[in-house]
**Q** 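The structure follows.
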Amino acid sequence: MPRSAFDQLAEPVRRWIWQQKWPSLRDVQEKAIPAVLAGGDIVISARTAAGKTEAAFLPLLSRIASNGRSADGFAVLYVSPLKALINDQHRRLESLCEACDILLHKWHGDVSEDAKARARKRPSGLVLITPESLEALLVRRGREAPRLFSRLDAFVIDELHAFIGTERGMQLQSILNRIEVATGRERIDRIGLSATLGDMHLAAEALRPGAGGSVSIIEGVDEGNGLKLQIRGYAIERPASADDETQDGGDERRDPFGASSVPDRLASDLFRFLRGRSNLLFAGSRVNVEIYTDRLSEMCRANSFPNEFFAHHGNLAKAMREEVEHRLRDDPRPTTAVATMTLELGIDIGDVETVAQIGPGFSVASLRQRLGRSGRRPGKPAKLRIFVPEPVAGPGDHPVDRLHLGLVQSIAMVECLLENWCEPPADAGLHLSTLIHQILAAILQTGGLKPASAWQLLCGRGPFRNVDKGLFADLLRRMAHPDVRLIEQSPQGLLMIGETGEQIAESHELYAVFMTEKEYRIIHEARVLGTYPLSSPVAPNETLIFAGRRWRILDVDDHARVIAVQPTRAGKPPYFAGDGGAIHDKIVSKMQDILAGGNVFTYLDTEAVGLLNAARSAFRDLGLHERSVIPHGEGVLVFPWAGTRKLRTLLAALLASELKGSAAWHVIEIQEVDLEGVAHHLKRIADAPPPDGITLAARLAQPQLAKFDRFLSPELMNLVTAKERLDIPELPSVASATLRNLSRVV
DNA sequence: GACCTGCTGCGGACTG
């Protein structure tokens, strides 16, 4: 008989599995156990709730158990992006660790200082920690790092996909590297737990930057039960502006289907499909979450049903979000959470009947994560319904409205999902903001280091691979500049913390690398409902929809940053600012194929089919089947059929040619020019080598998107914009593709 | 035309 995975586990681990009365090990666990026991870097990927945690920890605890228990260092460091996930995992691992006589420590901002001090005093066993708490530990107690971590057997990174390509991911990679260097270990095993992405080699590279090829990849077989899928279209008449009920009007006309209301037919369909079961409704933005929750709750009340629709987004108080999660997971009453991406990550909410979504969303990766929330019970397929409202254009409306790009993008994204493709994470970034942070952290951890060893630590061996020695020196000079004073250099040449650096080091600002906005707290009686951005002014007596309910503002205390509210009958949607995202090239190019082609998509409802046919006719009427630039009014419309970064780059290049225009959703509109004029400029851009990106970036607004961007010089900021927000190398080929067939016309 | 995440340290006084 072959030796099964189970037999390879340590005796106390096997005994614990017996006690759980599991019928068998899951597929991903069978595969992961021998791999983890053998050692090395591993990515374990499977859908949410497929047993990834146990797949890593059953063999890891077997490894530690055979090493014997000691108190001279932690054995495993588990890093999670969410405190809530640490609390979940602590509950799941408690009895297993107890059975193995291995200590288990929770370590994040809500854990008492006392518990952390005890763990530090006699370091042993498993630590479940956030990147920020780990950063705090290194920065505040850098000299203890060798004692705490020299005996580490492995790092476990949960939700690895959530870290890839982000500032926080760069910080985490840097921290892991700093620990390896501080303990004098060449490499400590890294085990990443990830959702299944299109190309798992990118996850491997994220786990071990520069050596992704040496990482083993374990993919759990999807035990799913198939997919039931529908896209529903809603042709929505534009409200005549004379009927506009709101006093402050302007926004309403610009965005009739966004922030103001839910079209009646859409509302009644949502109510019909969702009520009476447990579902997730992804509404796209926090404002939409509020509007849809309010509307659906009102429909419950109007029909004398108890409410079963609840809001869930990042500005709602944790306690309120947890009530919704708890009701979904443990309460038999039907519950629909109307949510933003807060319910995409691995928080345990059990299985839902249907995943519904308003509009196309922003990425296929996100769509896939959402879908994994449904169809987990045996014999029950995952169900996805996408509801797409489309304005029906009348004469005189903008031609782009006739293309129904929301519906076409929804189809493109579903096609990508069915092809098993999803967006690879971006990796071209310089991440200078986070590098500034890591330079400060490394100085604090070590007490001071030479510029050459700082470069080697962070860029040579560490994750900031795109920063060469010259750029690193520029950055250090900027950090030491008299206007900035983040660092200074000692007579011996050591980098030391400067005056501004001191101020940051003394505050909470030091630990997290992502940007946050200052906010008011919204309070009803003694209860905190959530937070509201300071940048959005509100006044007493104003009404507000928040947490899916209607309130009147009693008082605004700007000093204490508190808004007091009481329930009321009327309310208007809240205001949250957003950043705007970037859609991938492949999706936009597929949109062009869908509009130009004649494929039938069986998952469309009748109304969506009608809208798609109308869009395809408009595509031909406008001549877009033959060329990508068409006349419009006094100017032209340019359709590069490329993703957001390329679109933005082409616009910047055209503006640099002294043209006037702007970019909207997938389209560039240029004013006061004819086809011939635009063709001339496109041809020049297509025939020239890629321009100097820094000069092009200097023409753009430079929003400080990352936390420490405010310390960068204009030159360094232009460099960041050129690398991270534009796509300079591809500009000539984008221009040339856009130009294709235009010569026949002019 | 967006969304999400996180967070010191210390010693001495007091209580049971």
Side-chain angles (χ1 to χ4, degrees), chain A residues 79-86 107-114 116-117 120 129-141 144 158-159 161-172 175 251 254-255 257-259 282-289 312-316 318 321 339-347 357-363 365-367 369-370 400 405-406 409 434 437 441 444 504-517 519 530-531 533 575-583 587-588 643-644 647-648 662-667 705-707:
Chain A
V79 188
S80 155
L82 297 179
K83 292 188 287 190
L85 214 52
I86 288 180
W107 194 308
H108 58 61
D110 301 342
V111 173
S112 75
E113 173 57 27
D114 198 42
K116 295 176 198 165
R120 225 170 38 227
I129 196 166
T130 59
E132 288 74 18
S133 283
L134 190 50
E135 184 71 90
L137 186 55
L138 288 180
V139 158
R140 299 283 171 210
R141 308 196 168 263
E144 291 180 40
D158 205 353
E159 308 270 5
H161 55 275
F163 286 112
I164 300 177
T166 67
E167 298 304 328
R168 215 174 170 206
M170 294 298 287
Q171 178 191 28
L172 177 58
I175 287 174
D251 289 347
R254 246 188 298 131
D255 187 12
F257 313 118
F282 288 101
S285 68
R286 289 168 286 189
V287 181
N288 268 357
V289 165
H312 195 288
H313 62 70
N315 281 72
L316 293 175
K318 197 170 89 175
R321 284 200 262 169
T340 58
M341 59 183 289
T342 43
L343 286 180
E344 277 177 31
L345 279 173
I347 298 166
Q357 179 174 296
I358 309 296
F362 301 94
S363 75
S366 174
L367 195 58
Q369 287 274 97
R370 292 171 179 189
V400 172
L405 295 178
Q409 188 178 320
T434 302
H437 177 271
L444 289 163
I504 292 172
E506 282 164 13
S507 70
H508 279 177
E509 230 195 327
L510 185 62
Y511 309 115
V513 294
F514 51 86
M515 188 99 116
T516 46
E517 199 184 358
E519 292 175 320
T531 58
Y575 173 82
F576 298 102
D579 325 312
I583 308 282
I587 293 165
V588 190
T644 311
L647 183 87
R648 197 187 279 143
S662 59
W665 200 12
H666 307 311
V667 187
L705 296 175
K707 187 167 175 176

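Per chain, numbering begins at 1; letters A, B, ... match sequence-line order. These numbers were taken from a predicted model, which means no experiment stands behind them.
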**Q** Using modelled atom types and a 3.5 Å cut-off, is there a donor and acceptor pairing between side-chain atoms of Asp158(A) and backbone atoms of Ser80(A)?
**A** no
**Q** Can you name the ring pair (Phe, Tyr, Trp, His ring centres under 6.0 Å) partners of His312(A), sequence neighbours left out?
**A** none
**Q** Under the salt bridge (Lys or Arg N to Asp or Glu O under 4.0 Å) test, which residues partner Asp114(A), sequence neighbours left out?
**A**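 Scan of Asp114(A) (salt bridge (Lys or Arg N to Asp or Glu O under 4.0 Å), adjacent residues dropped) gives Arg118(A).
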**Q** Who are the salt bridge (Lys or Arg N to Asp or Glu O under 4.0 Å) partners of Arg168(A), not counting sequence neighbours?
**A**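 Partners of Arg168(A) under the salt bridge (Lys or Arg N to Asp or Glu O under 4.0 Å) test: Glu132(A).
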**Q** Which part of the nucleic acid, if any, lies within reach of Leu510(A) when heavy atoms closer than 4.0 Å are counted: base, sugar-phosphate only, or nothing?
**A**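 Nothing, no nucleic acid heavy atom in range.
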**Q** Could you tell me which residues satisfy salt bridge (Lys or Arg N to Asp or Glu O under 4.0 Å) with Lys116(A), sequence neighbours excluded, listed by chain and number?
**A**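 For Lys116(A) there are no salt bridge (Lys or Arg N to Asp or Glu O under 4.0 Å) partners, ignoring immediate neighbours.
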**Q** The criterion is salt bridge (Lys or Arg N to Asp or Glu O under 4.0 Å); which residues satisfy it with Arg141(A), sequence neighbours excluded?
**A**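 If we apply the salt bridge (Lys or Arg N to Asp or Glu O under 4.0 Å) test to Arg141(A), skipping adjacent residues, the hits are Glu144(A).
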**Q** Is there any protein nitrogen or oxygen under 3.5 Å from a nitrogen or oxygen in nucleotides 14-16 of chain B, and what are the pairs?
**A**
none

**Q** Side chain to side chain donor-acceptor pair (under 3.5 Å) with Glu167(A): which residues, sequence neighbours excluded?
**A** His431(A), Thr434(A)
**Q** Walk along nucleotides 4-12 of chain B from 5' to 3' and tag each nucleotide B, S or - by protein heavy-atom contact under 4.0 Å, base first, then sugar-phosphate.
**A** SBBBSSS--
**Q** Please enumerate all residues that pass side chain to side chain donor-acceptor pair (under 3.5 Å) together with Glu519(A), with sequence neighbours excluded.
**A** Asn315(A), Thr531(A)
